[in-house]
Amino acid sequence: MRAGALQGEGRRIPMNLFDDVAHKVNAALGALAEEGVLPAAVDTANVKVEPPRDEAHGEVSTNAAMVLAKQAKMPPCELAEKIAEKLRADADLTDVAVAGPGFINMRLAQPFWNRLLSAVLALGDAYGCSDMGGGEKVNVEYVSANPTGPLHVGHTRGAVFGDALANLLEETGFDVTREYYINDAGAQVQALARSVYLRYCEALGLKIEKIPEGLYPGEYLKPLGQALVMEHHYALLKMEEEQWLPIVRDFAIDMMMVMIRDDLAALGITHEVFFSERTLHESGAIEETIREMEQQGLIYTGQLPPPKGKPPEDWEPRDQLLFRSTDFGDDIDRPLKKSDGSYTYFAADVAYIREKLRRGHMQLVYVLGADHGGYVKRLQAANAALSGGKARLIARLCQLVKLYRGGEPVKMSKRAGEFITMREVVDEVGADVVRFMMLTRSNDAPLDFDFEKVKEQSRDNPVFYVQYAHARIASVFRNAAQELPENLLQADDDSIRWELLEDAAEHTLMRRVGEYPRMLAAAARAHEPHRVAFYLMDLAGDFHALWNKGKENPQLRFILPDDPERTQARLGLLRAVRQVLRNGLRILGVAPVEEM
RNA sequence: GGCCCCGUAGCUCAGCUGGAUAGAGCAACGGACUUCUAAUCCGUCGGUCGGAGGUUCGAAUCCUCCCGGGGUCGCCA
């Protein structure tokens, strides 16, 4: 049997009940292989153990028989029966049955659930965490906005996504570095410097005309002009541009980065590394990279064909220094130098990839806007060439966020430098709301963000819905502290009689709690933090449903003064639910609230 | 024209990398409050999964070709 092929046979995820069952299934298959029912070298790579969609099919289900039928040279149902026979011997499993085209459905015996719920309480914040990543070094680069202006809504989604993804990977056992690439080389920061210089002149009382085309007209640069006056007085006025430009540029970049970091902090985002593009130029890293690539035959001088479809009017063939990215899956080879001899942005990026690889990162994650989709293949080509195919480069593209206010689109004029900043959004609705809302869609689906709707306290608002579940649980515990004797509240977790959780809605909630580690692992593998948000909405929904059953049937209330043992079991379940809500929200970077 | 993403209920979207009769919310309709917070819950209605082929025990999911929407396309970052 191929070792580690079956899910759950590699790294075990603590208290992932599906992993535990997978382990049992694998043992059963091993036994059948020994008996000669299955070939000794059976390939179990496609065998899965998962929750069935329909509760009627049990709590756990496996497709083992259907996947292995061909290898066993036996009809699926017949093989399923043989596997089921082995599984029935396990005391943790009940109702083992063959169904449909050959699924094996089963339920988990009470001791199994007892262990799970006790473990959730014992593990606390660690429930759901795993060592799946095995400490692999992952670099997550996100935001990386040009230091030429404040962060706007467009950056917000990538910022939240990247941060939540980093949290997710961290909690699933990866060694994560959060990184921000500062584009502080090139024409844009020169334009920034000239814009700030104009504001400096303005602050000195000189009359400035309209900010010229190509420069940054935003009001936000005025304080920088004033600050320059405080520091340099009239000195910069007497200088030639080539003298003042580096001074003003460096000053402006520093100031903008202070502002950007401050805005990110307001959203609860901190990067461990801020990496400057300019250092790649100044340290000679780009030259070194190109030299190395030349030695490996990855670079040549040649001409590119004109773009198909609509050839640009000023097109003329030109010899260029090109990276053979087509050898690594790209559509066209990519230039590393501009016609003036300076390096392209891409050349710096290649050197940057080399730098990240040198630091030992095996996974390079790029969180980008959807408009950078065309850039991904060349990044991946560069990574493949430089890492020898050993490291992975994963790009996640975030689609646009459309702003609304009460159903009406919010108008923005980019040309006039008017845009809604990230800070404005955070200040108006709060960091928690922004963060949660940004993750209520898959990253590659466009997102509508309505200022009014996200402040509503209703079912429509997923942030509220999840927070409300947490607050209601907190409220139960406040009441319990009033109504129940102290010895009941302080009882030992190990003495909880979990089997007293008998209602179907309690079981639904219990199962959902049990799914959390599996969901987390899958979300991390897919680099999809939005799954955590969707899971939390489902968990909250299950909880609200149980809550309401207690209204219709007083016997289902959480606190039953006449039945201390059942009360204890129900409060135990609520503690487990509260714990999972907290753990999930922590990954999203959202604080749970105690009351609303 | 090339490449990338999307197309699932009237609307907004999930769908756990191939599983069983495709799911939520909103909207529409009908119910549940002397409350452990009704800021919630329950039920009903609603889908040729853009279209056509293919792969196999099995496809919304994988492959090919179309249709429609968005992004992007040598020296900007």
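In what follows, every chain begins at residue 1, and chains take the letters A, B, ... in the order their sequences are listed.
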- Query: When you measure from every atom of RNA chain B, which of residues 57-76 of chain A have a heavy atom less than 4.0 Å away?
  - Reply: A:His57, A:Ser61, A:Asn63, A:Met66, A:Val67, A:Lys70
- Item | A:Arg578 to A:Phe477 six-membered ring, cation-pi geometry met (6.0 Å, 45°) | yes
- Message: Using the side-chain hydrogen bond (donor to acceptor under 3.5 Å, both in side chains) criterion, which residues pair with A:Gln320? Sequence neighbours excluded.
- Response: none
Exercise answer: donor-acceptor pairs, residues 63-75 of chain A side-chain atoms, under 3.5 Å, sequence neighbours excluded:
from, atom 1, to, atom 2, distance (Å)
A:Asn63, OD1, A:Lys48, N, 2.7
A:Asn63, ND2, A:Asn46, O, 3.4
A:Gln71, OE1, A:Asp43, N, 2.9
A:Gln71, NE2, A:Asp43, O, 3.0

- Can you list the residues that meet the side-chain hydrogen bond (donor to acceptor under 3.5 Å, both in side chains) rule with A:Asp340, with sequence neighbours excluded? A:Ser342
- A:Asp319-A:Thr301 side chain donor-acceptor pair, cut-off 3.5 Å: no
- Can you give one letter per nucleotide of nucleotides 22-27 of chain B, going 5' to 3': B for a protein heavy atom under 4.0 Å from the base, S for sugar-phosphate only, - for none? ---SS-
- Note on the structure: To the nearest 0.5 Å, atom CD of A:Gln188 lies from atom OH of A:Tyr216 at 4.0 Å
- Message: Mind checking if A:Tyr535 touches a base, just sugar-phosphate, or nothing, with heavy atoms under 4.0 Å?
- Response: nothing
- Query: Using a cut-off of 4.0 Å on non-hydrogen atoms, how would the nucleic acid contact of A:Met596 be classed: base, sugar-phosphate, or nothing?
  - Reply: base
- Pick base, sugar-phosphate or nothing for A:Arg334, based on heavy-atom distances below 4.0 Å to the nucleic acid. nothing
- Proximal nucleotide (of B:G15, B:U17, B:G74) relative to the A:Leu304 side chain: B:G74
- Is there a donor on the side chain of A:Asp371 or the base of B:U72 sitting less than 3.5 Å from an acceptor on the other? no
- Query: Whole Å only: how far is the CG atom of A:Leu400 from the C1' atom of B:G70?
  - Reply: 9 Å
- Task: Remember a base hit wins even if backbone is also touched, and classify A:Ser458 as base, sugar-phosphate or nothing at under 4.0 Å, heavy atoms.
- Result: sugar-phosphate
- Give one of base, sugar-phosphate or nothing for A:Asn105, where a contact means two heavy atoms less than 4.0 Å apart. base
- Note on the structure: Between A:Asp340 and A:Ala471, the residue closer to the 5' end of RNA chain B by nearest nucleotide is A:Ala471
- Check: A:Glu456 and A:Phe464 side chains under 4.5 Å, non-hydrogen atoms: no
- Side chain A:Asp184, main chain A:Ser276, donor-acceptor under 3.5 Å: no
- When you get a sec, tell me which of B:U40, B:C76, B:A14 is the closest nucleotide to the side chain of A:Phe464? B:U40
- Assign each of A:Asn479 and A:Ala185 to its nearest nucleotide of RNA chain B by heavy atoms, then name whichever residue's nucleotide is nearer the 5' end. A:Asn479
- A correct 5'-to-3' footprint of nucleotides 3-13 of chain B, with B, S and - meaning base, sugar-phosphate only and no protein heavy atom under 4.0 Å, is S-SS-----SS
- Message: For a quick check of understanding: with a heavy-atom distance under 4.0 Å over all strands, which category does A:His372 fall into, base, sugar-phosphate or nothing?
- Response: base
- Side-chain N or O of A:Tyr465 closer than 4.0 Å to phosphate OP1/OP2 of B:C41: yes
- Item | Pairing annotation in dot-bracket form, given for RNA chain B with Watson-Crick or G-U pairs under 3.5 Å and | for cross-strand partners | (((((((..((((.....[...)))).(((((.......))))).....(((((..]....))))))))))))....
- Task: Have a look at A:Phe477 and say if it touches a base, only the backbone sugar-phosphate, or nothing, with a 4.0 Å heavy-atom cut-off.
- Result: nothing
Mind listing the side-chain donor-acceptor pairs of residues 563-574 of chain A below 3.5 Å, one per line with the distance, residues two or more places apart or on another chain?
from, atom 1, to, atom 2, distance (Å)
A:Asp563, OD1, A:Arg566, N, 3.4
A:Asp563, OD2, A:Arg566, NE, 2.9
A:Glu565, OE1, A:Arg497, NH1, 2.6
A:Arg566, NH1, A:Leu500, O, 3.0
A:Arg566, NH1, A:Glu502, OE1, 2.8
A:Thr567, OG1, A:Leu560, N, 3.0
A:Thr567, OG1, A:Leu560, O, 2.9
A:Thr567, OG1, A:Asp563, O, 3.0
A:Arg570, NE, A:Glu506, OE2, 2.8
A:Arg570, NH1, A:Gln555, O, 2.8
A:Arg570, NH1, A:Arg557, O, 2.7
A:Arg570, NH2, A:Gln555, O, 3.4

- Message: Taking A:Val590's backbone N and O only, do any of them form a donor-acceptor pair with A:Asp432's side chain (distance below 3.5 Å, no angle check)?
- Response: no
- Query: Judged by atom type as modelled, is there a donor-acceptor pair below 3.5 Å linking the side chain of A:His470 to the main-chain atoms of A:Gln467?
  - Reply: no
- Task: For the side chain of A:Tyr468, starting at C-beta, report the closest nucleotide among B:G19, B:A77, B:U40.
- Result: B:U40
- Item | Under the side-chain hydrogen bond (donor to acceptor under 3.5 Å, both in side chains) test, residues paired with A:Arg575 that sit two or more places apart | A:Asp493
- Item | Rounded distance in Å between the P positions of B:G23 and B:C49 | 14 Å
- Message: Mind checking if A:Glu595 touches a base, just sugar-phosphate, or nothing, with heavy atoms under 4.0 Å?
- Response: base
What donor-acceptor contacts under 3.5 angstrom involve side-chain atoms of residues 326-334 of chain A, with partners at least two apart or in another chain?
from, atom 1, to, atom 2, distance (Å)
A:Thr326, OG1, A:Asp333, OD1, 2.6
A:Asp330, OD1, A:Arg334, NH2, 3.2
A:Asp330, OD2, A:Ser325, OG, 3.1
A:Asp330, OD2, A:Arg334, NE, 2.8
A:Asp331, OD1, A:Lys377, NZ, 3.1
A:Asp333, OD1, A:Ser325, N, 3.2
A:Asp333, OD1, A:Thr326, N, 3.1
A:Asp333, OD2, A:Tyr300, OH, 2.5
A:Arg334, NE, A:Ile332, O, 3.4

- For A:Asn383, which residues count as a side-chain hydrogen bond (donor to acceptor under 3.5 Å, both in side chains) partner, sequence neighbours excluded? none
- Any pair counted as side chain to side chain donor-acceptor pair (under 3.5 Å), so long as it reaches residues 531-546 of chain A, sequence neighbours left out: A:Arg472-A:His544, A:Arg512-A:Asp542, A:Glu528-A:Arg531
- Under 4.0 Å: is that the gap between some side-chain N or O of A:Lys48 and OP1 or OP2 of B:U17? yes
